[in-house]
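Scroll down for the structure; my scribbles are underneath it.
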Amino acid sequence: MEVVYITIGVSIIVAVFFFIVFIKSVKSGQYEDTYTPSVRMLFDDELVKKQKDKVEQKENQQE
Amino acid sequence: MSVNNCYHCGADCGKNPVKFNNKCFCCNGCKTVYEILNASELTCYYDLESSPGTIPSDIKGKYNYLDNEEIIEKLLEFNDGETSVVEFYIPSIHCSSCIWVLENLNRLNKGVTISMVNFPKKLLRITFKNEETNLKELVELITSIGYEPYISLEDADAKTNKIDKTLIYQVSIAAFAFGNIMLLSFPEYFEVDEFWLEKYKHLFRLLMFVMVIPVVFYSAKDYFISAYKGLKHGMLNIDVPIALGISVLFIRSSIEIFLNIGSGFFDSLSGLVFFLLLGKFFQQKTYNFLSFERDYKSYFPIAVSLILDDKEINIQVKDIKKGDRLLIRNEELIPVDGILINGNAAIDYSFVTGESIPVIKKSGDKLFAGGKQTAGAIEMEVISTIEQSYLTQLWSNDVFNKSNEKTIKNITDNISRFFTIAILLIAFLGGIFWYFYNVDMLFNVVTAVLIIACPCALALSAPFAFGNILRIFGYKNFYLKNSETIENISKIDTIIFDKTGTITSSDKSQLSYFGTALNNTEKSDLKSILRASNHPLSRSLYEYLEVDSLIEKPTVFNEVLGKGIEATINNNTYKIGASSFVEAKSVAINETSIYIKINDEFKGYFLFKNSYREGTKEVFEKLHVNYNLVILSGDNDGEKEYLEELLPKNTLFKFNQKPEDKLEFIKKMQEKNKKVMMIGDGLNDAGALAQSNVGIAISEDVNVFSPACDAILDAKLFNKLPKFLALSKKTIAIIKASFILSFCYNIIGLYFALTGMLTPVVAAILMPLSSISIVVFVTILTNWVSKKL
């Protein structure tokens with residue numbers, strides 16, 4: 001039954017760890033802007049690549 | 001398409017669209033932005049949203065002051081000589097394309113390292129290299145693509161607005177402790193007679209004690225501080241019974257653990273603190289993009305152009321001295337009082353007075369600070385520094401230094417006074433009873449009463465009800481400064497309105513024509529003549545005439561400043577303007593009008609009437625039932641007869657009211673014990689709004705402009721004002737109902753406490769149950785009563 005000490009210790013360590021991580025994320029300002037990142041992730045780099053491809057195609061046609 | 005819309009901003013292109021690359025634009029500005037984006041392969045801007053742009057503003061030397069090192073230093077957040085960081089507020093950010101193009105600034109300017117948008121706050125943060133670009137260049141770049149930053153005197157004061165995150169830390173500590181203590185409490189709650197539990201329960205109890213210490217001494221410290229302050233001033237606010245409950249919980253639980261009597265109430269204690277702080281956190285929420293605390297510094301420019309020995313020098317506004325000569329460009333704000341030296345001045349004083357029609361000034365006339373020049377560049381001579389100007393003296397009034405003196409007493413604190421006394425009395429009487437009945441139970445019962453009676457549910461009612469109604473109002477574009485405002489609104493008995501810009505629309509006038517009717521030819525001629533004039537009345541009349549203007553231009557055109565226009569077109573001579581200029585009888589005294597004479601024959605005149613907001617009559621009729629209504633206007637009484645017909649009887653009118661007069665009027669009403677609401681729109685109403693118990697600013701664009709106030713109402717929703725006021729009263733009724741519900745829980749708890757049957761598991765069930773049900777109750781009811789909004 002000594003394992004209870006270990007399990008309690010581990011669970012408290014895990015809880016404290018996540019608590020510290022949470023405090024750090026608050027301090028770094030992660031909760032200050034909860035909207036813009038949701039828009040930013042939708043910006044697809046392929047839009048730019050496609051544009052470049054079009055430009056290259058035009059150049060090829062001219063050649 | 002039958003209608004041509006601008007590819008960039010979506011506005012109507014009109015009859016003469018600017019065409020480029022098979023696309024239509026409404027002006028050269030939008031076309032230029034498109035060219036800039038196209039050259040840098042950023043046309044994806046138009047893929048994310050259709051017509052996402054805004055018409056860019058003219059630059060033309062507007063940002064020359066950004067060459068001033070002193071100003072740059074104040075604007076920059078960070079500068080290590082090589083890299084700089086700056087943050088701008090950009091009101092025109094409105095969609096995902098805006099985020100995209102602003103975060104790709106490095107494609108337009110290689111000096112930009114990173115640019116990040118905070119969309120809710122409309123902030124753009126730019127990190128750039130000092131060797132490759134500079135602040136002025138960046139500002140001109142983002143302005144040229146339609147995102148003009150808002151830079152004001154306030155920014156140059158280098159305020160450090162650190163966000164207070166203490167509450168978040170407190171909530172997170174309480175949540176951490178609550179969750180863990182609850183897990184550690186479960187074994188004892190079920191009271192299994194196990195050997196291993198007997199062995200480990202001391203460890204569990206010790207862990208709970210250790211976890212609860214930061215909850216009591218850090219998370220809950222503000223309650224003790226507030227209760228102490230309250231007692232020191234002889235007040236029993238809501239925090240007194242809360243602090244009492246927390247103290248008793250902690251002390252009794254600690255005694256039980258260390259004397260091995262029981263397991264204590266640490267679960268209830270941490271849960272209590274957690275729920276209370278959650279209510280505080282919910283109440284703290286506010287609107288990122290609005291400011292309720294603006295003063296003149298929020299509107300004034302940072303720097304002006306000083307003319308010295310025929311050269312333009314940029315100096316800071318605070319460095320302006322008497323006798324200086326300033327250059328004011330088109331659309332720039334006049335920062336100090338002065339005298340007009342050169343140029344045509346049409347000053348828009350809507351910032352100051354709310355009056356929409358610009359005032360014509362001529363050489364030698366006095367100019368007041370706060371006006372915006374709208375007719376080209378002018379030169380002026382300074383006659384007073386910025387602190388001495390008429391406008392800034394409005395803020396010298398004491399009313400802006402008072403903070404909470406006029407706050408109507410908080411509903412929860414009223415209840416808590418009686419609540420605290422009642423609880424102490426019950427504990428005392430219960431103690432007496434058990435002293436004679438069974439003295440061993442005395443300590444148990446007295447502490448149990450104080451524990452169970454802790455007004456957690458009571459304290460949660462108001463924050464969640466107010467917080468929810470604030471959110472609902474916000475969705476409907478009625479923005480309240482805080483939850484206190486709702487309580488104050490519910491106690492109002494007198495409502496005072498400004499007139500121009502508040503109950504009238506800022507952007508239009510009603511036009512009526514009196515006299516001989518004009519035929520279509522005459523109207524066309526008139527419109528063609530007006531086209532050449534920039535006078536605001538000419539613009540209004542031009543829009544009003546519903547005929548097409550001719551392509552021909554007047555052969556003779558002579559505009560006399562402040563008087564009118566004399567022109568010849570199609571062999572007919574027109575005189576348009578003031579009655580004295582046209583040599584006609586002045587019919588409309590005290591009213592704005594334009595007289596028309598054609599070929600020396602008087603035709604008639606156009607009368608400009610204020611256009612009242614939609615639903616004004618209905619609004620006043622509804623409000624009249626419950627409130628005293630007053631109109632305070634800075635105008636003359638030319639509209640009095642019309643208003644007397646439009647508005648209910650008993651409405652009091654006062655005209656020619658200066659800002660100080662409005663403020664004094666409200667002060668006198670308050671001295672008669674009236675609870676006054678002021679509704680206005682201009683900076684001249686700022687004093688009245690601050691003096692009143694509730695100040696509501698009517699705003700055509702909530703993002704840009706409002707004086708310091710308690711609430712901001714979108715101008716389009718003026719007709720819903722009675723509903724908002726009624727809802728505020730209903731919110732108070734809901735809170736009172738939830739108080740009754742919370743008292744029921746207290747009574748149930750007292751039964752257990754007084755009979756000595758309060759065990760940790762009973763407390764652990766009853767306390768969260770009461771809190772959660774109260775919150776659900778007030779949330780559902782506030783949503784329900786708001787349905788009709």
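Only a predicted model underlies this, so the values are computations on that prediction, with no experimental measurement involved. Every heavy atom of this structure was used, including side-chain atoms; hydrogens, water molecules and symmetry mates were not. A, B, ... follow the sequence lines: proteins, then strands. Residue 1 opens every chain.
Without hydrogens or angle criteria, A:R40 side chain to B:V117 main chain gives a donor-acceptor distance under 3.5 Å. B:S96 places no side-chain N or O within 3.5 Å of a backbone atom of A:V39 that could act as its donor or acceptor partner.
Heavy atoms of B:I173 lying under 4.5 Å from chain A belong to its backbone as well as its side chain. When heavy atoms are compared at a cutoff of 4.5 Å, B:L203 approaches chain A solely by way of its side chain, counted from C-beta outward.
Separation of atoms CD1 (B:I168) and OG (A:S25) is listed at 9.0 Å; rounding is to 0.5 Å. One finds the OG1 atom of A:T36 at 7.5 Å from the CD atom of B:E103 (value rounded to the nearest 0.5 Å).
Proximity to chain B at a heavy-atom threshold of 4.5 Å picks out A:F19, A:F22, A:I23 from residues 17-24 of chain A, in numerical order.
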Pairs of donor and acceptor atoms involving the side chains of residues 176-187 of chain B, under 3.5 Å and at least two apart or interchain, shall be tabulated with distances.
from   : atom 1 : to     : atom 2 : distance (Å)
B:N180 : ND2    : B:F176 : O      : 2.7
B:S185 : OG     : B:I181 : O      : 2.8

I'd like to know whether B:M211 forms a side chain to side chain contact (heavy atoms under 4.5 Å, CB included) with A:I12, so could you lay out the CA-CA distance, the side-chain angles of the two residues, the decisive distance to 0.1 Å, and finally the verdict.
CA-CA 10 Å; B:M211 286 181 187; A:I12 290 177; 4.1 Å; yes
